[in-house]
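Worth saying up front: this structure is predicted, and the values here are computed from it rather than measured. Note on naming: letters A, B, ... go to the chains in the order of the sequence lines (proteins, then strands), and numbering restarts at 1 for each one.
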Protein chains: 2
Amino acid sequence: MPKPSIELTESEWTIIKAVWGHEPCAAPAIQEILHKQTAWTYSTVRTLMDRMVVKGLLTAEKVRNLTLYRSVVTREQAQRGELFYALKHAFNGALTPMVQCLLDTHDLSAGDLETLESIIKARKKSARK
Amino acid sequence: MPKPSIELTESEWTIIKAVWGHEPCAAPAIQEILHKQTAWTYSTVRTLMDRMVVKGLLTAEKVRNLTLYRSVVTREQAQRGELFYALKHAFNGALTPMVQCLLDTHDLSAGDLETLESIIKARKKSARK
DNA sequence: TTGACATCTCTACAAATGTCAAGCAAAGTC
DNA sequence: GACTTTGCTTGACATTTGTAGAGATGTCAA
């Protein structure tokens, strides 16, 4: 069965995004990439990554003296998990209010609105058949 | 200044939803309301609520031997917080992909799509002027 | 005034999360 | 072969979150 809804902490998001962008990759590389953003030390990054392996979010493979990490969950899965969490808790599963809130909060450009509209149109079309 | 982005844990969501529905209310009442759902004991509910007071999510007021709690954040604020969190972490702040994901994951009825479309239309109109 | 209740307070404890330093081992370098 | 780098391993500690028992205290009815 597929993973039953994935939830990531803030730090985990930070790590996994870096991993997605550089897969397969070793901890020192990730540490360096994130250093600007986070100022985490190697130890911190390493601990985080190892814990993520235990949780099944990453895999680790030893190659010589290096440990290569890979993501187990895809960006899409993680996104869905996060979105689903918000949907479930904040909106009791109701989609339209969620979209409403989205639109209310951020002011979108006319272009954005166009895009959204066409996304919906497309969806309507594909649903029909 | 307004609260800088509110984030709630799962338990906090559970509590605050009950509070919103019964404000002002005492801990025993909330405990009872949630008992079916969560099987939490009075102590648990109480601890949770008191911690939420410390965090500024609720206020507590003593009346006789009763402590009445009230929400400090509105449902809308909390919803925005949650949504914003997802938007920021999972979608790097990009709104359209988020909506896309929403539509891809859940299959909406034709009616839902209609609703969404009209929400967007309305927004376009109000943005224009 | 004495129970019987309702409520509160205090304290505890385990697991998860956020951070990291120190020491160790393998590899490459002169 | 000694030295420097690079990466790894272990252990640690503070904070937050989840969960709750035990005992204190206030309230009210008989």
Side-chain angles (χ1 to χ4, degrees), chain A residues 3-19 22 24-70 78 81-82 85 89, chain B residues 3-19 22 24-70 78 81-82 85 89:
Chain A
K3 309 239 171 275
S5 134
I6 291 146
E7 274 150 43
L8 302 176
T9 67
E10 198 155 358
S11 314
E12 287 169 348
W13 269 110
T14 308
I15 297 280
I16 208 167
K17 283 195 231 174
V19 173
H22 299 77
C25 53
I30 297 293
Q31 194 267 317
E32 191 170 347
I33 290 165
L34 295 179
H35 188 256
K36 286 262 164 53
Q37 247 184 88
T38 64
W40 285 336
T41 64
Y42 169 79
S43 289
T44 302
V45 172
R46 184 70 203 227
T47 305
L48 249 15
M49 294 180 80
D50 286 339
R51 285 182 186 163
M52 289 172 76
V53 170
V54 172
K55 286 195 193 177
L57 298 170
L58 300 179
T59 49
E61 180 201 359
K62 280 209 153 118
V63 176
R64 235 148 145 21
N65 62 324
L66 223 14
T67 308
L68 288 184
Y69 293 86
R70 268 170 248 268
E82 197 65 62
Y85 181 91
H89 293 94
Chain B
K3 309 241 170 272
S5 136
I6 290 145
E7 274 149 43
L8 302 176
T9 66
E10 198 155 359
S11 314
E12 287 169 347
W13 269 110
T14 308
I15 296 280
I16 208 167
K17 282 195 230 175
V19 172
H22 299 77
C25 53
I30 297 294
Q31 194 268 316
E32 191 170 348
I33 290 165
L34 295 179
H35 188 257
K36 285 261 164 55
Q37 248 184 87
T38 64
W40 284 337
T41 64
Y42 169 79
S43 289
T44 302
V45 171
R46 184 71 201 226
T47 306
L48 250 15
M49 293 179 81
D50 286 339
R51 285 181 186 164
M52 288 171 77
V53 170
V54 173
K55 286 194 195 180
L57 298 170
L58 301 179
T59 50
E61 179 201 359
K62 278 210 155 123
V63 176
R64 238 148 147 15
N65 65 323
L66 219 21
T67 309
L68 288 184
Y69 293 86
R70 268 170 248 268
E82 197 65 61
Y85 181 91
H89 293 93

Q: Which residue lies toward the 5' end of DNA chain C, L68(B) or T38(A), if each is placed at its nearest nucleotide?
A: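 Residue closer to the 5' terminus by nearest nucleotide: L68(B).
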Q: Can you measure D50(A) atom CG to dA16(C) atom P for me and round it to whole angstrom units?
A: 16 Å
Q: Please confirm whether the shortest side-chain N or O distance from W40(A) to OP1 or OP2 of dT19(C) is below 4.0 Å.
A: yes
Q: To check you understand the geometry: which heavy-atom pair defines the closest contact between T59(B) and V53(B), and what is its length?
A: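 What the structure gives for the nearest pair is C-CG2, 4.2 Å.
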Q: With respect to the phosphate group of dG7(D), does any side-chain polar atom (N or O) of Y42(A) fall under 4.0 Å of OP1 or OP2?
A: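 Negative; the distance criterion is not met.
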Q: Of the nucleotides dT19(D), dT19(C), dC8(C), which one has an atom closest to the side chain of P28(B)?
A: dC8(C)
Q: For dA30(D), what is the paired nucleotide under Watson-Crick or G-U wobble rules, both distances under 3.5 Å?
A: dT1(C)
Q: Nearest whole angstrom, please: distance from the P of dA20(D) to the NE2 of H35(B).
A: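 Nearest whole value for this atom pair: 9 Å.
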Q: Is there a donor and acceptor pair, one atom on the side chain of S43(B) and one on the base of dG21(D), closer than 3.5 Å?
A: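 Answer is yes: a donor-acceptor pair is held.
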Q: Roughly, in whole Å, what's the span from CG in L48(A) to C1' in dC20(C)?
A: 12 Å
Q: Return the nearest nucleotide to the side chain of T67(A); candidates are dA21(C), dT19(D), dC8(D).
A: dC8(D)
Q: Once you round to the nearest 0.5 Å, how far does CD of E61(B) lie from CG of L66(B)?
A: 10.0 Å
Q: Considering only dT17(C), dG7(D), dG18(D), which nucleotide approaches the side chain of S11(B) most closely?
A: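 Looking only at heavy atoms from C-beta outward on S11(B), the closest nucleotide is dG18(D).
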Q: Look at the side chain of L66(B) and decide which nucleotide, out of dC8(C), dT19(C), dG7(D), has an atom nearest to it.
A: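 The closest nucleotide is dC8(C).
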Q: Return the value, rounded to whole Å, for the distance between atom CE of M52(A) and atom C1' of dT17(C).
A: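 Rounded to whole Å, this separation is 13 Å.
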Q: State, without any angle test, whether T14(A) and S11(A) hold a side-chain donor-acceptor pair at a distance under 3.5 Å.
A: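 Judged by distance alone, the side chains do not pair up.
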Q: Do R46(B) and T67(B) come within less than 4.5 Å of each other through their side chains, counting heavy atoms only?
A: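 The answer is yes, as the side chains (C-beta and beyond) meet within the 4.5 Å cut-off.
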Q: If only atom types and distance count, is the side chain of Q31(A) paired as donor or acceptor with the main-chain N or O of W40(A) below 3.5 Å?
A: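 A pair under 3.5 Å: yes.
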Q: Just how far, in rounded Å, is C1' of dA26(C) from NZ of K62(A)?
A: 12 Å
Q: If you take atom types as modelled and just measure distance, does the side chain of T47(B) reach the base of dA20(D) with a donor-acceptor pair under 3.5 Å?
A: yes
Q: Provide, to the nearest angstrom, the distance between the CH2 atom belonging to W13(B) and the P atom belonging to dT17(D).
A: 15 Å
Q: Taking only the side-chain heavy atoms of N65(B) (C-beta and beyond), determine which of dC20(C), dT7(C), dT17(C) contains the nearest atom.
A: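 Nucleotide nearest to N65(B)'s side chain: dT7(C).
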Q: Would you say CD of E7(A) has more than 12 non-hydrogen atoms from neighbouring residues, nucleotides or ligands within 6.0 angstrom?
A: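 Count over threshold, so yes.
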Q: Is the distance from OP1 or OP2 of dA16(C) to the nearest side-chain N or O of T9(A) less than 4.0 Å?
A: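 Result: no.
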Q: Tell me: CZ of R64(A) to C1' of dA27(C), nearest whole Å?
A: 8 Å
Q: CZ of R46(A) versus C1' of dA22(C): gap in Å, rounded?
A: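 Going from R46(A) (CZ) to dA22(C) (C1'), I get 16 Å.
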Q: Could you say whether E12(A) or A39(A) is positioned toward the 5' end of DNA chain C, judged by the nucleotide with the nearest heavy atom to each?
A: E12(A)
